Amino acid sequence: MKCGSYQLIKKSSECKGRLGKVYTTRGVVETPIFMPVGTQGTVKGVPTEWLQFSGAQIILGNSYHLYLRPGTEIIKKAGGIQKFTSWNRPMLTDSGGFQIFSLSDIRKISEEGAEFSSHIDGSKHFFSPEKSMQVQKDIGADIIMCFDECAPYPSDYAYAKNSMELSLRWAKRCKTEFYKDNAHETQALFGIIQGSVYNDLRAKSTQEMLNIDFVGYAIGGLSVGEPKAYMHTVLENTLSLIPENKARYLMGVGMPEDLWEGVERGVDMFDCVIPTRNGRNGQVFTSLGKINIRNAEYREDFSPLDPECKCPTCTKYTKAYLNHLVRAQETLYLTLLSLHNIHFMVNLMTKIRKSLENDMFLKAKKEFFEKYYSKNKRRG
RNA sequence: GGGGGUGUGGCAGAGUGGUCUAAUGCACCAGACUGUAAAUCUGGCGGGCUUGCCCUUCGGUGGUUCAAAUCCAUCCGCCCCCA
């Protein structure tokens, strides 16, 4: 099977949710899937073997960050990103497009590309679609992404239109550059649909991306601050236009509730920094809702974070101990909480896949939310 | 016994007549985080409510003053030096 190709296994009878497989050079990924983010060649705080134990099938890397440090030469010498990091399962790299959004203060955008002033030392670096492709080829992930502009929210219609059209022109250049050599035999290039919250722009972007023709399609520019309802509408309208034999990847999403909502609307792939970032900030996802382990109420709580969780954190440590580690700023908590949150997300996806398999998605979703929000209801 | 210093909110520590419920840091109490410039950031942190104001606070007491954490007297506590 060609790298990046999608095989539809089963469609839900209740919703747009679907069970499938994405084939890559380094293995098959069962979808829907949650991909932990490992920007700089590491899912922050979590060792590879624990990541694998958690059931993670594929993780992300970031072109911009890896290009700046350690640099593509070193990654090439190491034999590619998987060898360099010891993560031997599939990997996906983002193009640097998100940094146009997140580093908006230190970059300049033009037709040709984007110039960044390195957040590390201020030095200037130019990222074009061609450059991003070269960097991502050198890094060597299984799936790579088009260089796009992730537009901010809110963007007015004119800005969103120009930005979406720029991303289209860049996508064409990405594809041309990508197919210049043999990289496409081992790597897959995904296109990214833009258009902010404007449905006609999203439709136009989708149609044009399909015309360019990619192995898979991502929906970008969401979860940048827009109301949830907008995200859902964009998903519904956009996904209905994409042929069902293509993987659909919702970039940068999300929270547990977003995974359910996304899958229900036909999303196959998700990635998000939230499990690791929140872990580092003391916030923990559990089957009974979101908690902040730093809070006083856990000082003498000798139960595990999540009674249903089988991760190393939950099988060995209590809330009281984790609360202590956070308060004492003992770095072990970074690892333990990140690991738990990753485990939670990955296993939530396993649950979701199972529910699709049994065609009981809606029931499983309802049960999940009843529990997940039960704590707040009791309080209310 | 003599000399000098010092006492400020949970802790450390600014402030030395009005702009002081009193800087700042820590601690504490919460909240946020969605293709990672984040082990970060934001808010709160004497009491009351009608949320603007009122009451109570800078070791104790008494005083000076229109006005005191700030000046004076005295008491108490602590620290240092000399004997």
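Numbered from 1 within each chain, the chains take letters A, B, ... in sequence-line order. Values below: all heavy atoms of this structure, side chains included; hydrogens, waters and symmetry mates excluded. All of these numbers come straight from a predicted model, not from anything done at the bench.
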Would you classify [X] as touching base, sugar-phosphate or nothing, given that sugar-phosphate means primed atoms plus P, OP1 and OP2, and contacts are heavy atoms under 4.0 Å?
X: Q194(A); value: base
X: Q40(A); value: nothing
X: G279(A); value: nothing
X: F101(A); value: nothing
X: I106(A); value: base
X: T276(A); value: base
X: R299(A); value: sugar-phosphate
X: I120(A); value: nothing

How are the rings of Y153(A) and Y230(A) set to each other: parallel, tilted or perpendicular (split at 30° and 60°)?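 The rings of Y153(A) and Y230(A) stand perpendicular, inter-plane angle above 60°.
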N or O in side chain of [X] less than 4.0 angstrom from [N] OP1/OP2:
X: Q99(A); N: G35(B); answer: no
X: S223(A); N: U34(B); answer: no
X: R327(A); N: C26(B); answer: no
X: N295(A); N: C28(B); answer: no
X: T331(A); N: A39(B); answer: no

Taking only the [atom1] atom of each, what is the distance from [N] to [M] in whole angstrom?
N: U6(B); M: A69(B); atom1: C1'; result: 15 Å
N: C58(B); M: G46(B); atom1: C1'; result: 13 Å
N: G44(B); M: U24(B); atom1: P; result: 11 Å
N: G60(B); M: U8(B); atom1: C1'; result: 15 Å
N: G18(B); M: C53(B); atom1: P; result: 22 Å
N: C82(B); M: G13(B); atom1: P; result: 24 Å
N: G5(B); M: G9(B); atom1: P; result: 23 Å
N: U70(B); M: U65(B); atom1: P; result: 16 Å

Hydrophobic cluster identity match, F214(A) and M1(A), side-chain contacts under 4.5 Å: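 Different hydrophobic clusters.
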Path from L337(A) to Y317(A) over hydrophobic side-chain contacts below 4.5 Å: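 Yes: a chain of side-chain contacts under 4.5 Å links L337(A) to Y317(A).
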Rounded to whole Å, how long is the line connecting atom [atom1] of [X] with atom [atom2] of [N]?
X: H119(A); N: U40(B); atom1: NE2; atom2: P; result: 16 Å
X: Q283(A); N: G31(B); atom1: CD; atom2: P; result: 7 Å
X: N323(A); N: A27(B); atom1: CG; atom2: P; result: 14 Å
X: R294(A); N: U42(B); atom1: CZ; atom2: P; result: 13 Å
X: K228(A); N: C33(B); atom1: NZ; atom2: C1'; result: 12 Å
X: Y64(A); N: G35(B); atom1: OH; atom2: P; result: 16 Å
X: N278(A); N: U42(B); atom1: CG; atom2: C1'; result: 15 Å
X: I291(A); N: G31(B); atom1: CD1; atom2: C1'; result: 15 Å

To the closest 0.5 Å, what do you measure between CG (L92(A)) and CD1 (I139(A))?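 The distance works out to 11.0 Å.
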How long is the gap from CE on M209(A) to SG on C146(A), to the nearest 0.5 Å?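 It is 6.0 Å, given to the nearest 0.5 Å.
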Taking only the side-chain heavy atoms of [X] (C-beta and beyond), determine which of [options] contains the nearest atom.
X: D258(A); options: C33(B), A30(B), U34(B); result: U34(B)
X: I192(A); options: G35(B), U36(B), A39(B); result: G35(B)
X: M255(A); options: A32(B), U34(B), A39(B); result: U34(B)
X: D94(A); options: A37(B), G35(B), G31(B); result: G35(B)
X: L103(A); options: A37(B), A32(B), G35(B); result: A37(B)
X: Q329(A); options: U36(B), C28(B), A39(B); result: A39(B)
X: V37(A); options: A32(B), C29(B), G35(B); result: G35(B)

Is the shortest side-chain N to carboxylate O distance from [X] to [Y] below 4.0 Å?
X: K228(A); Y: D258(A); result: yes
X: E111(A); Y: R169(A); result: yes
X: E367(A); Y: K363(A); result: yes

Strictly by Watson-Crick or wobble contacts shorter than 3.5 Å, is anything paired with [N], and which nucleotide is it?
N: U65(B); result: none
N: A27(B); result: none
N: C58(B); result: none
N: G77(B); result: U6(B)

Which of residues 261-274 of chain A have a heavy atom under 4.0 Å from RNA chain B?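 By residue number: D271(A), C272(A), V273(A), I274(A).
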Tell me if the aromatic rings of H119(A) and H125(A) count as close, with their centers under 6.0 Å from one another.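 No, the ring of H119(A) stays outside the 6.0 Å limit from the ring of H125(A), centre to centre.
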What pairs with E14(A) under side chain to side chain donor-acceptor pair (under 3.5 Å), at least two apart in sequence or on another chain?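 Side chain to side chain donor-acceptor pair (under 3.5 Å) check on E14(A) returns nothing, list empty.
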Is there, by distance only and without an angle test, a donor paired with an acceptor across the side chain of D148(A) and the base of G35(B) below 3.5 Å?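 In this structure, the two groups form a donor-acceptor pair.
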Any donor-acceptor pair under 3.5 Å joining the side chain of N62(A) to the base of U36(B)?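 Absent.
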So which one's nearest nucleotide on RNA chain B is more toward 5', C150(A) or R277(A)?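 By nearest-heavy-atom nucleotide position, the 5'-most residue is C150(A).
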Checking side-chain polar atoms at under 3.5 Å, does T48(A) have a donor or acceptor matched by the opposite partner on S86(A)?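 Judged by distance alone, the side chains do pair up.
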